[in-house]
Amino acid sequence: MAAVPSGLFAVYKPAGVAWGCVREAVETKLLRDLNAASVRAPRQHVRFLPAPGDSGDTGLVAMRVPVLADHPLVRGPRFRRLKIGAGHRLDVKASGVFVLGVGRGNKLLTDLYNCHLTRVYTVGGLFGKATDDFSDTGKLVEKTTFDHITREKLERILAVIQGTNHKALLMYSNIDMKTQEAYELAVQGLIRPMEKSPPIITGIRCLQFAPPEFQLEVHCLHETQQYLRKIVHEIGLELKSSAVCTQVRRTRDGVFTLDDALLRTQWNLQSIQKAIWDCQLKVKTELEKTLGHQDKSLLQTADAEMAHAADS
């Protein structure tokens, strides 16, 4: 009989699909596989039935027959619902790494949220036009020229954006940069807001530049995908032009990368159990690194998750 998976795993959410639909699809396929693997033979009970054969004997004989209440058509599926939690959402237009938690993994989702980990996106842009929602599918507002834009000018704007956001990062981290604590956190890469803050870009660089198209890599905290589209729009304005966002694709969510994300064809019990097992060590390590000095119980929870997965 299959065990219900418990832990964190990532799937790849395609563009054009709501995150809620992705979660429901994963739950549906997990329930299907769990119910298919948990079919047990019906119980037997003793009934007194007429003797078989044509001997004319009208006596009763004891026979073992299945309990009809255990028949799958009577009993229905054993598993009817699973508690599957969602990590940082992706809107309909965005794609990429989408973290889910099942069973005790829902608690770990909260712990990872409290770590305030960086997420990474590849963001596509197109110079020369502006729309009402900053995306290439929005209502066209204006068209502009872009022949004067060079990669060097673009990278200067990106450097300004990163510098401005670095100041915000230090401000919202509430750390005195002259202290030993600040030095130790900087060495470990742990300088980040540990409370809710406005969106902060911790790194941004140009991956491709082939006007009018360009592609950026953005490292950020507390962002929304619409915020990233607005950044593309503002970059166009700073370059005395306009720009729309053509793609927002999350390539990393904390410890989960594209390599960890299960494709639609892998949304099944076996693949999800393996994904949970493969990722649990780095999840535990990140919790220990970021929150271990604040709450030891988090480490105990993570240890319990690993033991539970091993038993499964």
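Between Leu100 and Ala86, the shortest heavy-atom distance links the atoms CD2-CA, 3.9 Å. Scanning both residues, Arg264 and Pro14, for their nearest heavy atoms gives NH2-CG, 4.1 Å. In plain terms, the two heavy atoms of Trp19 and Lys13 that are nearest each other are CA-CD, 4.0 Å. Contact between Phe127 and Gly236 at its shortest, heavy atoms only, is CE2-CA, 4.4 Å. Closest approach of Leu108 and Leu287 over heavy atoms only: CD2-CD1, 3.9 Å. For Pro5 against Ile276, the heavy-atom pair with the smallest separation is CB-CD1, 3.8 Å.
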Q | Step-by-step side-chain contact (heavy atoms from CB on, under 4.5 Å) determination, Thr290 to Arg192 | A | CA-CA 10 Å; Thr290 305; Arg192 64 180 76 118; 3.3 Å; yes
Q: Assess whether salt bridge (charged side-chain N to carboxylate O under 4.0 Å, His left out) is satisfied between Asp33 and Lys29, documenting all intermediate values.
A: CA-CA 6 Å; Asp33 291 352; Lys29 294 186 177 183; over 6 Å; no
Q) Step by step, would you call Leu169 with Leu221 a side-chain contact (heavy atoms from CB on, under 4.5 Å)? A) CA-CA 9 Å; Leu169 175 66; Leu221 295 162; 4.1 Å; yes
(Q) side-chain contact (heavy atoms from CB on, under 4.5 Å) for Val11 and Phe9? Distances and angles first, verdict last. (A) CA-CA 7 Å; Val11 299; Phe9 62 99; 3.8 Å; yes
Q: Show your reasoning for whether side-chain contact (heavy atoms from CB on, under 4.5 Å) applies to Ile272 and Leu262.
A: CA-CA 8 Å; Ile272 289 173; Leu262 300 176; 3.8 Å; yes
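The number of heavy-atom neighbours closer than 6.0 Å to CD of Glu195, taken from other residues, nucleotides and ligands shown, is 12 or below. The local environment of CD in Glu234 is crowded, with over 12 non-hydrogen atoms from other residues, nucleotides or ligands closer than 6.0 Å. By the neighbour-count criterion of 12 heavy atoms within 6.0 Å, atom NE2 of His166 is sparsely surrounded, having that number or fewer from other residues, nucleotides or ligands. Heavy atoms from other residues, nucleotides or ligands lying under 6.0 Å from CZ of Arg47 number 12 at most. Around the CD atom of Glu213, the shell of radius 6.0 Å holds no more than 12 heavy atoms that belong to other residues, nucleotides or ligands. Within 6.0 Å of the NZ atom in Lys240, the count of heavy atoms belonging to other residues, nucleotides or ligands does not exceed 12. For Lys196, the NZ atom is densely surrounded, since the number of other residues' heavy atoms within 6.0 Å is greater than 12.
Cluster membership for Leu228 and Leu158, using ILVMFWY side-chain heavy atoms within less than 4.5 angstrom, is shared. There is a path of hydrophobic side-chain contacts, each under 4.5 Å, that joins Leu90 to Ile201. Criterion: ILVMFWY side-chain heavy atoms under 4.5 Å apart, direct or through other members. Under it, Ile204 and Phe214 are part of a common hydrophobic cluster. Val97 and Val255 end up in the same hydrophobic cluster when Ile, Leu, Val, Met, Phe, Trp and Tyr side chains are linked at under 4.5 Å.
Side-chain contact between Arg104 and Ser6 is present, with heavy atoms from C-beta onward closer than 4.5 Å. In this structure, Asp260 and Lys282 have side chains that are in contact, with non-hydrogen atoms separated by less than 4.5 Å. Counting heavy atoms from C-beta on, the side chains of Leu117 and Phe256 never come closer than 4.5 Å.
In the model, Gln225 has a side-chain atom that pairs as donor or acceptor with a side-chain atom of Tyr121 under 3.5 Å. For Tyr12 and Arg250, the side-chain atoms include no donor-acceptor pair closer than 3.5 Å. Between the side chains of Ser135 and Lys93, at least one donor-acceptor pair of N or O atoms lies under 3.5 Å. The closest side-chain donor-acceptor pair between Thr251 and Thr122, if any, does not fall under 3.5 angstrom. The closest side-chain donor-acceptor pair between Thr202 and His219, if any, does not fall under 3.5 angstrom.
In this structure, Gln266 contributes its side chain and Leu263 its backbone to a donor-acceptor pair below 3.5 Å. Looking only at distances, no side-chain donor or acceptor of Ser271 sits under 3.5 Å from a matching main-chain atom of Trp267.
Between the CZ atom in Arg151 and the CZ atom in Arg156 there is a gap of 14.0 Å [rounded to 0.5 Å].
For the salt bridge (charged side-chain N to carboxylate O under 4.0 Å, His left out) with Arg229, the qualifying choice from Asp91, Asp136, Asp133 is Asp91, the only one to do so.
The pair Lys129-Glu142 fails the salt-bridge criterion, with no side-chain N (NZ, NE, NH1 or NH2) lying under 4.0 Å from an Asp/Glu carboxylate O.
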